[in-house]
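Following: one structure in C-alpha cells, then a few remarks.
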Amino acid sequence: MLHLASQIAETAAFVRTHWNATPKAGVILGSGLGDFAHEIEAAATIPYADLPHFPHTTAIGHAGRLVCGALAGAPIVAFQGRFHLYEGHSAETASLPVRLLAALGGRTLIVSNAAGGLNPQYGTGDVMLIDDQINLMFKNPLIGVNDDALGPRFPDMCAPYDKQLQRRAVEIAMREGFVLHRGVYASVLGPNYETRAEYRMLRRLGGDAVGMSTTPEVIAAVHARLRVLGLSTITNVGSPDSLGETCGHEVLTVAAAAGAKLSAIVRGVVETL
Ligand code: HPA
C-alpha cells in the first residue's frame, strides 16, 4: 500500500501537467455509459495508456480515457472505462481511478454501472440508486499493509453511499419524471452472466441488482473518506423462472439508451456540489 500511495501521487502529478484544477467530483462511467463524457467541456483527455501506473483497459464498451473539464461550470473528471476483476485485474487495480480522484483532491465519487435486475419489479432500462452493496467477489482492494495516509485499517461500511447525494438524486428523478429505484447492488466476479439458480440465490441473499464491478471501487472510496453516489442501469432482468439469453452487446445498447437519465442525475448532483 505504501507503494500504491507513491504511485498514485505520480499519476496525479502527471494529470496536473495537463489539467491543474481540483475536481469537485469524479464520475466512473460504466458499460455503455461512456457517452456521458461528451457532456463535459473537456480541457484535457488522457488515454489510460499515457497515465503512469495505469493499465490499459480492454473491456468492450469502455474507451479507457480520463476526461478532465467542466460540467455545469464545475471542474470534474470522468473515467471512461474501469478495471474489471474479470479482465484479470486485482481489486487494488480496480480502485486506481478512486485513488487518483482522491489524490487530485476530489471528495465526491459518482459511480455507475450496467447491472442485471434481480428485483422482479425492475424493468430493462430502469435506473437504480445503489443504497447498499454486497461484495460477493471475495476480493478486496484493501488487502495488504494499510497505508494510514490513505485511510484507516478497518473502514466502517455502515453507510457507504451518501444519504444527502441520494436525496438529491431522488429529487432530480422526480423533477425529470422517471422512476429511480433504490436497492442493493451485489457484485460477482463474472465474466459469465448468472445461471437461473444463481439469479435466484442472489435475490435470496438480498440483492436487487447484480453486476461485475463497483464494490471494490466503493470500498476504496470509503477508505479514502469520499462521499459516494452509485447508480445502476438495469440492462436485463434475471427472472429465474423465465430467463432468456443475455448478451454483452444488448447490455451496452440498453445502457446507452438509459444514458439520458443517468446524465440528468449526474449533472443535477454536480450542480449542487
Ligand atoms: N449479471 C452480471 N452482470 C451484469 C448483468 C447480469 O445479469 N447485466 C449487466 N451486467
Side-chain angles (χ1 to χ4, degrees), residues 28-35 48 55-64 79-98 111-128 130-141 143 181 183-220 230-259 262:
I28 299 180
L29 299 168
S31 306
L33 301 168
D35 277 355
Y48 290 168
H56 307 193
T57 184
T58 56
I60 56 162
H62 293 262
F79 295 90
Q80 252 183 331
R82 52 155 56 95
F83 306 113
H84 296 92
L85 277 59
Y86 64 71
E87 294 170 275
H89 295 302
S90 67
E92 184 182 281
T93 298
S95 72
L96 286 177
V98 175
V111 67
S112 66
N113 57 51
L118 301 168
N119 186 322
Q121 297 188 336
Y122 293 2
T124 301
D126 287 354
V127 179
M128 182 188 91
I130 308 178
D131 192 38
D132 207 346
Q133 68 182 34
I134 304 176
N135 178 12
L136 293 169
M137 292 171 155
F138 305 111
K139 306 270 179 179
N140 196 304
I143 296 293
H181 301 294
V184 173
Y185 177 86
S187 67
V188 292
L189 272 180
N192 58 290
Y193 294 115
E194 287 65 37
T195 64
R196 284 169 298 148
E198 286 164 346
Y199 280 124
R200 195 177 287 117
M201 173 194 76
L202 290 163
R203 179 67 184 146
R204 288 198 181 151
L205 287 179
D208 292 290
V210 55
M212 305 174 194
S213 66
T214 304
T215 60
E217 296 155 1
V218 172
I219 291 170
L231 299 160
S232 292
T233 301
I234 306 301
T235 53
N236 55 289
V237 179
S239 331
D241 299 317
S242 58
L243 191 63
E245 275 188 32
T246 306
C247 93
H249 286 287
E250 197 181 300
V251 162
L252 294 183
T253 311
V254 176
L262 189 97

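Residues take their numbers from the sequence shown, with the count starting at 1.
Closest approach of Gln80 and Tyr48 over heavy atoms only: N-OH, 3.5 Å. Across all non-hydrogen atoms, the minimal contact from Pro55 to Leu96 is CD-CD1, 3.8 Å. Shown here for Gly190 and Met212, the closest heavy-atom pair between the two residues is CA-SD, 3.8 Å. For the residue pair Leu85 and Ala94, the shortest heavy atom distance occurs at CD1-CB, 3.7 Å. Here the shortest heavy-atom pairing between Ile28 and Pro97 reads CD1-CB, 4.1 Å. Annotation for Gly207 and Ile134: closest pair N-CD1, 4.3 Å, computed over non-hydrogen atoms.
With a 4.5 Å cut-off on side-chain heavy atoms, Val188 and Leu202 count as touching. Between Leu136 and Leu205 there is a side-chain heavy-atom pair separated by less than 4.5 Å. Residues Val111 and Arg82 form a side-chain contact, since some pair of their non-hydrogen atoms from C-beta on lies under 4.5 Å apart.
Listed by chain and residue number, Ser95, Val98, Arg99, Pro141 satisfy the side-chain contact (heavy atoms from CB on, under 4.5 Å) test with Ala220 (two or more places apart in sequence, or in another chain). For the side chain to side chain donor-acceptor pair (under 3.5 Å) test, no residue two or more places apart in sequence or in another chain qualifies with Thr235. In this structure, the side chain to side chain donor-acceptor pair (under 3.5 Å) partners of Asp126, at least two apart in sequence or on a different chain, are His181. Considering only residues two or more places apart in sequence or on other chains, Asp131 meets the salt bridge (charged side-chain N to carboxylate O under 4.0 Å, His left out) condition with Lys163, Arg182. By the side-chain contact (heavy atoms from CB on, under 4.5 Å) test, Ala115 is found to be paired with Asn113, Tyr185, Ala209, Ser232, residues two or more places apart in sequence or in another chain being considered. Partners of Thr124 under the side chain to side chain donor-acceptor pair (under 3.5 Å) rule, at least two apart in sequence or in another chain, do not exist in this structure.
Distance check: Asn135 CG to Ile219 CD1 gives 4.5 Å after rounding to the nearest 0.5 Å. Note that CG of Leu118 and CZ of Arg204 are 12.5 Å apart. Values are rounded to the nearest 0.5 Å. With values rounded to the nearest 0.5 angstrom, Leu189 atom CG is found 9.0 Å from Phe138 atom CZ. Atom OG in Ser90 sits 10.5 Å away from atom CZ in Phe83 (nearest 0.5 Å).
Of the residues His84, His89, Glu92, Met137, the one that meets the side-chain contact (heavy atoms from CB on, under 4.5 Å) test with Pro216 is Met137.
Applying the salt bridge (charged side-chain N to carboxylate O under 4.0 Å, His left out) test to every pair with at least one member in residues 188-203, sequence neighbours left out, gives these pairs: Arg200-Asp241, Arg203-Asp208.
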